[in-house]
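The structure appears below as structure tokens.
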Amino acid sequence: MTDKSTFYTRVYAIARQIPPGKVTSYGAIARALGAAKSARMVGYAMGNSPEDVPAHRVVNRVGILTGKHHFPGTNLMQQLLENEGLTIINDQVQDFEQHFWSPVSEDYTQE
DNA sequence: TGAGTGACTGTAA
DNA sequence: CTTACAGCCACTC
């Protein structure tokens, strides 16, 4: 715990960069860190993510709130996303690709 | 030190 | 189209 150079810390750094009203996938964050195969670790890291990390903006590759059960509330994650202006139906983000935000795309120029 | 686990992803049938 | 299986890395006990 004394060393913050863990993989988790890097995940938090990316998660904090997620703008409001946007969502991303675990694989996208993992890929941004250069460890695309460690997507599971990303989700696992979210379980220990501090409150300053919008973990509710992180979903799986299909836009489903896979980690909503890890939130204190039953549907808190969904409520938070809806509060961001997103539409959640059946624990799934509607127009996920439309609200998808890539952590690596921040270096790219928006078209 | 070793084995187990996981908020995932991609490919196959 | 849907369902199933295997791989993968980093962390904890």
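A, B, ... follow the sequence lines: proteins, then strands. Residue 1 opens every chain. Every heavy atom of this structure was used, including side-chain atoms; hydrogens, water molecules and symmetry mates were not.
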Does [X] reach a base, just sugar-phosphate, or nothing at all? Heavy atoms under 4.0 Å.
X: A:Gly47; result: base
X: A:Ala55; result: base
X: A:Tyr8; result: sugar-phosphate

Figure out the [atom1]/[atom2] separation between [X] and [N], and round it to whole Å.
X: A:Ile88; N: B:dA7; atom1: CD1; atom2: P; result: 19 Å
X: A:Phe7; N: B:dC8; atom1: CZ; atom2: C1'; result: 12 Å
X: A:Ile64; N: C:dT2; atom1: CD1; atom2: C1'; result: 13 Å
X: A:Tyr44; N: C:dA10; atom1: OH; atom2: C1'; result: 10 Å
X: A:Asn60; N: B:dC8; atom1: CG; atom2: C1'; result: 8 Å
X: A:Asp91; N: B:dA7; atom1: CG; atom2: P; result: 15 Å
X: A:Leu33; N: B:dT9; atom1: CG; atom2: P; result: 14 Å
X: A:Met46; N: B:dT5; atom1: CE; atom2: P; result: 23 Å

5' priority, DNA chain B, between A:Met77 and A:Arg31 [closest heavy atom]:
A:Met77

Quick check on C:dA10: is either OP1 or OP2 less than 4.0 Å from any side-chain nitrogen or oxygen of A:Thr6?
no

Taking the side chain as C-beta and beyond, is there a heavy-atom pair between [X] and [Y] under 4.5 Å?
X: A:Asp95; Y: A:Thr87; answer: no
X: A:Thr24; Y: A:Phe100; answer: yes
X: A:Arg16; Y: A:Pro50; answer: yes
X: A:Leu65; Y: A:Gln78; answer: yes
X: A:Val62; Y: A:Phe96; answer: no

Do A:Arg40 and C:dC8 have a side chain to base donor-acceptor pair shorter than 3.5 Å?
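Side chain to base: pair found, below 3.5 Å.
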
Report yes or no: is there a donor-acceptor pair, N or O only, under 3.5 Å between the side chain of A:Tyr26 and the base of B:dA7?
yes

